[in-house]
Structures are given as C-alpha cells and as structure tokens.
Amino acid sequence: MDQFDLLVVGSGPAGRRGAIQAAKLGKKVLVIEQGKRVGGVSVHTGTIPSKTLRETALNLSGWRERGFYGRAYRVKQEISAEDLRRRLLITLDHEVEVLEHQFARNRVQHIRGKASFIDPQTMQVVKDDGEVIHVTGTSILLAVGTKPFRPDYMPFDNKTVLDSDELLEIETLPRSMVVIGAGVIGIEYATIFSALDTQVTLIDPKSTMLDFIDKEIVEDFIYQLRDRNMKLLLGQKAEKVVRQDGKVELTLDNGRRIVTDMVLFAAGRMGATDTLNLAAAGLEADNRGRLSVNPETFATKVPHIFAAGDVVGFPSLASTSMEQGRIAARVAVGAIAKEPPKYFPYGIYAVPEISTCGLSEEEVKERHIPYECGIARFRETSRGHIMGLDTGLLKMIFSLKTRRLLGVHIVGEGATELVHIGQAVLNLKGTVEYFVENTFNYPTLAEAYKIAGLDAWNRMGDIKSEL
C-alpha cells in the first residue's frame with residue numbers, strides 16, 4: 001500500500017491546481033483520474049470544448065463580420081459537425097499535453113482508475129485492466145466535478161435527445177433544436193447553435209433567467225436573442241418528450257406542441273460522487289451529489305478530507321475551482337493559505353458574451369447603498385465601428401458616498417476579457433476618477449470604461465468622496 005501526503009481524486013481545474021500546489025511545497029502527491037486522459041470535465045466535455053465550439057462556430061459562420069456584410073454572410077457556406085470536431089480535437093490534445101507536462105515537471109504522480117473509499121484515509125483504485133490497488137493519504141482532496149443531470153422521464157438516445165456531454169459527439173448539425181434549461185450551459189449552447197443558423201427554442205420553467213446577473217444586462221441580452229429570432233419560452237415546462245420518425249415532439253404544460261430535430265437537456269448537473277463510497281469516509285452528499293465544505297478552507301466535516309470545484313456547488317467556474325483547489329491543498333498540507341481577493345469575475349460564453357464582477361444594481365439596492373450608474377454602448381466607440389458592432393453594453397455602478405466602483409457588468413463582444421479592468425479597480429478600491437482621469441488605448445473596446453465613467457461622473461456631480 002502506497003502512502004501519500006495528498007491524494008487528489010480528479011484532474012480538472014481544482015484537482016490539478018491543488019496537486020501541483022502541494023507538489024511545489026515538497027509533498028508526495030498522487031492524482032487519480034477515471035477518464036481516459038487527464039483534464040477532467042473542464043478539458044474533455046465542459047469548459048474547453050464548449051468555448052472551442054463557440055469560437056469555431058463564430059469563425060466559420062462569419063458571425064463577427066455580419067455587421068458589415070449582412071446576415072447572409074458566411075465564411076464557409078456548408079458547415080458540418082466534422083468542421084467543429086476537427087478544431088476541438090486539436091485543442092484538447094494541446095490541453096492534455098500541457099497538463100501532463102505540468103504533472104511531470106512538478107513530479108506529480110497520476111494513475112487512471114476509479115477511486116472509492118475503504119476507510120477515511122484509504123482508497124481503492126480499480127484500473128481499466130481490472131487490477132486493484134490501495135493507496136492512503138494523510139490528506140485527501142475530492143475534485144471529482146459534476147456530470148449532467150439525466151432524469152428518467154427524458155428519452156435520451158445520444159442522437160436526437162442528448163445531454164451537454166453527448167452534444168459534442170453529434171454527427172450532423174440540426175436545422176432546429178430545443179434546449180431545455182436556461183442556465184449557463186443551456187444558454188451557451190443555445191446561442192452557439194443559433195449563430196450557426198439553427199432555429200433554436202429555449203424552454204425553462206422559471207419566468208426569468210440568469211438571476212445572479214444584473215437585470216439590465218439580462219434584459220439587453222434577451223433583446224439580442226429575440227432580435228435574431230430565437231424563441232424564449234420562459235415560465236413553461238416540457239411535460240412530455242417523445243421521439244418519432246427521426247424527430248422529437250414536445251408537449252408543454254400549457255398544451256403547446258413543438259416538433260424539432262434535436263433536444264438538448266441542460267437542466268442542471270450532479271456531483272460525480274455516487275461511486276466514491278462516501279459513507280466509508282464518514283461523508284454524505286446532498287440530493288444533487290454535492291459536498292458541503294468550509295468556504296474558507298474547503299474542508300469537509302472530516303477534517304483531513306477536502307473538496308473543491310464544481311462538486312461543492314456555486315459558482316462552478318473553472319477559474320474559481322482552480323483557486324479553491326489551491327487553497328484546499330495548502331490547508332491540507334499545513335501551509336498558510338491567504339484569503340483570495342473579494343471580487344472575482346463571472347463569465348458566460350454565450351453569443352454575445354456576458355461577464356460581471358462585483359455587486360449588481362439589485363444587490364446595491366438591497367443594501368441601501370446610495371449609488372449612480374454609468375453606461376457605455378460599444379457602438380459609441382471607434383473600435384466598435386471598426387468591428388461592425390451595433391450591440392454591446394458596459395455598465396458600472398459607483399457609490400455616491402465613497403465614489404468607489406461597486407460593480408461592473410458587460411454584455412457583448414469580448415466581455416470576458418474586458419471585465420478584468422473593472423475587477424482590478426474593484427479589488428484595489430478604485431473610484432470613478434480612475435476611469436475619468438486615465439488614458440485608454442485608442443481605438444479599443446476598453447474605451448467603453450472611460451465613456452461609462454464619464455457618464456457616471458456627470459450624473460454624480462460635485463459630490464465629494466469621504467475617503
């Protein structure tokens with residue numbers, strides 16, 4: 001039986017960052033990954049594949065140039081599923097190669113197999129060839145991620161009714177698609193296929209979407225989706241889904257019937273904890289397979305067992321999962337772990353992108369903070385004209401009392417890149433004067449910060465900071 005300072009189950013963002021952090025501190029680390037290659041859901045079915053699919057779709061469809069050449073413009077007239085898959089495989093090979101090199105140079109050991117607890121410090125690993133080994137860890141980090149929620153009533157067939165993992169393996173692009181679930185994953189794939197000129201209908205039982213995003217940004221986003229003829233059936237539920245003659249028929253709770261080529265079910269994910277035999281370690285997951293942890297140390301109720309990444313729930317971002325894994329690993333091996341900065345960016349890689357950092361206007365109101373907003377539209381920038389943009393919005397919220405930036409919210413091209421300027425100012429406690437007094441490269445979309453800053457500054461008048 002091999003003894004390690006840290007056992008890491010899963011090699012996604014949380015697992016790999018935690019493993020490498022512990023190894024850099026001179027600890028003996030083993031990563032156990034049940035997939036065919038390292039990288040976890042993030043590399044193989046989640047973050048990297050969906051963003052690669054998005055970029056490929058926008059490039060081949062000519063989406064970014066349609067502001068100049070019209071909606072009929074396409075770089076490649078006939079786009080196939082194989083066109084999308086070709087670029088995806090190249091990207092995934094590169095990601096795996098980089099990760100394997102990181103493990104090698106940091107002397108992180110890793111094996112393939114399914115891990116489960118025998119007792120709180122011992123795990124059994126069943127390899128592909130049937131060999132069973134046992135390993136023990138002074139500490140254990142569970143970074144197993146999630147898998148799609150697949151209810152029994154949904155007639156999945158990996159062809160016309162699919163989950164988000166199966167979508168990456170489709171053989172032909174559908175002419176029409178229904179997406180069930182208006183969460184982040186559903187919205188990303190719905191808008192990507194819409195950009196490929198698939199007729200998309202988005203269904204969700206809730207009457208709203210993306211409730212954690214600033215309402216004004218969501219309203220602008222919804223307007224853009226409807227403007228390109230996406231159907232949004234919010235507040236409606238698919239009660240019956242039937243496959244017939246190569247099509248899928250859905251019956252909604254209001255009696256409406258929809259016939260489509262393909263259904264993507266993207267209404268939630270489950271923590272991939274069902275095979276871990278958690279009971280043997282003194283742990284239990286909630287009804288969605290997630291683990292409860294201390295939000296500062298990521299320790300479970302069993303002190304030497306930690307969990308990080310999507311398996312602990314919101315925000316379920318690759319970026320935050322990496323940081324959770326790093327903090328958990330430091331605590332696990334007895335190193336000091338500094339608390340991360342208060343504000344982190346949230347990115348939704350839809351078409352158009354959405355990114356946000358800090359407080360929304362609704363949260364500011366709930367806290368009874370006197371505030372003012374500044375707005376800039378991308379079409380107001382020279383760079384926006386050069387790029388042919390007629391949509392895109394940047395919004396900043398400032399405190400009237402301190403003049404400090406409270407939140408930045410963006411919808412439009414490059415939102416997930418632009419947000420980092422606002423993130424830096426937020427965490428450094430900057431004020432509206434930063435945006436008014438500083439020079440931004442011209443022409444850039446980042447100029448929108450100056451436009452929005454001036455908009456807010458003009459509205460705030462001569463109210464002086466109390467800092």
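Just so it is clear, the values below take in all heavy atoms, side chains as well, and ignore hydrogens, waters and symmetry mates.
Phe193 places a side-chain heavy atom less than 4.5 Å from the side chain of Leu167. Using a 4.5 Å heavy-atom threshold, the side chains of Phe265 and Val241 count as separate. Side-chain atoms of Leu162 and Met262, non-hydrogen and from C-beta on, do get closer than 4.5 Å to each other. Looking at heavy atoms from C-beta onward, Leu232 lies in side-chain contact with Arg226 at the 4.5 angstrom threshold. When side chains are defined from C-beta on, Ile180 counts as touching Leu250, because their heavy atoms get closer than 4.5 Å. Using a 4.5 Å heavy-atom threshold, the side chains of Met387 and Arg64 count as separate. Side-chain contact check for Leu359 versus Asp214: every heavy-atom pair is 4.5 Å or farther apart. Between Val179 and Ile203, every side-chain heavy-atom pair lies at or beyond the 4.5 Å cut-off.
A salt bridge links Arg257 to Glu249: at least one charged side-chain nitrogen sits closer than 4.0 Å to a carboxylate oxygen. Asp261 and Lys247 are joined by a salt bridge, as a carboxylate oxygen and a charged side-chain nitrogen come within less than 4.0 angstrom of each other. Salt bridge Glu166/Lys159: absent, no basic N to carboxylate O contact under 4.0 Å. A salt bridge links Asp163 with Arg150: the distance from a Lys NZ or Arg NE/NH1/NH2 to an Asp or Glu carboxylate oxygen falls below 4.0 Å. Under 4.0 Å is where a charged nitrogen must lie from a carboxylate oxygen, and between Lys76 and Asp83 at least one such pair does.
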Point to revise | Audit row: Met177, Thr198, side chain to side chain contact (heavy atoms under 4.5 Å, CB included) steps and yes/no | key: CA-CA 7 Å; Met177 171 187 279; Thr198 295; 3.9 Å; yes

Exercise for review: Let me see the working for Lys36 and Asp128 under salt bridge (Lys or Arg N to Asp or Glu O under 4.0 Å), right down to the final yes or no.
Suggested key: CA-CA 9 Å; Lys36 294 180 179 179; Asp128 290 348; over 6 Å; no

Exercise for review: Evaluate the side chain to side chain contact (heavy atoms under 4.5 Å, CB included) criterion for residues Arg330 and Gln21: first the C-alpha distance (whole Å), next the side-chain angles of each, then the deciding distance (0.1 Å), finally the verdict.
Suggested key: CA-CA 7 Å; Arg330 291 187 67 87; Gln21 173 66 93; 3.6 Å; yes

Exercise for review: Start with the C-alpha gap between Glu380 and Arg377, add the side-chain angles, then the distance that decides, and say whether salt bridge (Lys or Arg N to Asp or Glu O under 4.0 Å) holds.
Suggested key: CA-CA 6 Å; Glu380 297 176 272; Arg377 301 188 182 276; 5.5 Å; no

Review point. Checking side chain to side chain contact (heavy atoms under 4.5 Å, CB included) for the pair Cys373/Lys395: CA distance, chi angles, key distance, verdict?
Key: CA-CA 7 Å; Cys373 296; Lys395 173 181 180 179; 3.8 Å; yes

Point to revise | Pair His110-Ile32, side chain to side chain contact (heavy atoms under 4.5 Å, CB included): steps then yes or no | key: CA-CA 6 Å; His110 63 95; Ile32 307 166; over 6 Å; no

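Here Leu141 contributes atom CG and Arg17 contributes atom CZ; the two are 13.0 Å apart, rounded to the nearest 0.5 Å. Atoms CZ and NZ, from Arg326 and Lys338 in turn, are 9.5 Å apart once rounded to the nearest 0.5 Å. To the nearest 0.5 angstrom, Leu225 atom CG is 8.0 Å from Leu202 atom CG. The distance from atom CD1 of Ile397 to atom CD of Glu372, rounded to the nearest 0.5 Å, is 10.5 Å. Note that the CZ atom of Arg256 and the OG1 atom of Thr251 stand 12.0 Å from one another [nearest 0.5 Å]. One distance of note links CG of Leu418 with SG of Cys357; it measures 13.0 Å at 0.5 Å rounding.
Side-chain polar atoms of Thr431 and Glu433 form a donor-acceptor pair below 3.5 angstrom. Ser176 and Thr260 share a side-chain donor-acceptor pair at under 3.5 Å. Checking Ser399 against Thr402 by side-chain atom types alone, a donor-acceptor pair falls below 3.5 Å. Of the N and O atoms on the side chains of Gln224 and Asp220, at least one donor lies less than 3.5 Å from an acceptor on the other residue. Checking Asn59 against Thr56 by side-chain atom types alone, no donor-acceptor pair falls below 3.5 Å. Arg228 and Ser194 form a side-chain donor-acceptor contact under 3.5 Å, judged by distance and modelled atom types alone. Looking only at atom types and distance, the side chain of Thr416 has a donor-acceptor partner in the side chain of Glu353 under 3.5 Å away. Side-chain polar atoms of Ser11 and Glu33 form a donor-acceptor pair below 3.5 angstrom.
The environment of CD in Glu284 is sparse: at most 12 heavy-atom neighbours from other residues, nucleotides or ligands sit within 6.0 Å. Other residues, nucleotides and ligands place more than 12 heavy atoms under 6.0 Å from the CZ atom of Arg66. Surrounding CG of Asp245 are at most 12 heavy atoms belonging to other residues, nucleotides or ligands under 6.0 Å away. Within a 6.0 Å sphere centred on NZ of Lys114, other residues, nucleotides and ligands contribute 12 heavy atoms or fewer. Sparse packing is recorded around CD of Glu171, with 12 or fewer heavy atoms of other residues, nucleotides or ligands lying under 6.0 Å away. Dense packing is recorded around CD of Gln244, with more than 12 heavy atoms of other residues, nucleotides or ligands lying under 6.0 Å away. Crowding of Glu219 atom CD: a count of heavy atoms from other residues, nucleotides or ligands under 6.0 Å exceeding 12. The number of heavy-atom neighbours closer than 6.0 Å to CZ of Phe212, taken from other residues, nucleotides and ligands shown, is above 12.
Judged by distance alone, the side chain of His44 and the main-chain N or O of Val38 form a donor-acceptor pair under 3.5 Å. Checking side-chain atoms of Asp455 against main-chain N and O of Ile375 turns up a donor-acceptor pair under 3.5 Å. Proximity of a side-chain donor or acceptor of His420 to a complementary backbone N or O of Glu417 within less than 3.5 Å is detected. Counting only distance, with no hydrogens or angles, the side chain of Asn458 and the backbone of Leu454 share a donor-acceptor pair below 3.5 Å.
For residues 441-454, the pairs satisfying side-chain hydrogen bond (donor to acceptor under 3.5 Å, both in side chains) are Ser382-Tyr442, with sequence neighbours left out.
Gly62 and Tyr73 get closest at one heavy-atom pair: O-CD2, 3.6 Å. Closest approach of Val108 to Ala19, counting heavy atoms only: CG2-O, 3.9 Å. For the pair Val144 and Ala272, the tightest heavy-atom approach, listed with the atom from each and the gap, is CG2-O, 3.4 Å. Closest of all the heavy-atom pairs between Pro352 and Phe221 is O-CE1, 3.5 Å. Minimum interatomic distance between Ala115 and Val9 (heavy atoms only, all atoms of both residues): CB-CG1, 4.2 Å. Taking both residues in full, the closest heavy atoms of Phe378 and Ile410 are given as CZ-CG2, 3.8 Å, listed atom of the first, atom of the second, then distance.
Residues that satisfy the ring pair (Phe, Tyr, Trp, His ring centres under 6.0 Å) test with Phe68, not counting sequence neighbours, are absent from this structure. Among residues two or more places apart in sequence or in another chain, the side-chain contact (heavy atoms from CB on, under 4.5 Å) test is passed with Tyr434 by Val425, Asn438, Phe440.
Both the sub-6.0 Å distance and the 45° axial angle are satisfied by Arg288 relative to the ring of Phe149. Cation-pi contact between Arg404 and Phe398: absent, since separation from the ring centre below 6.0 Å together with deviation from the ring axis within 45° is not met.
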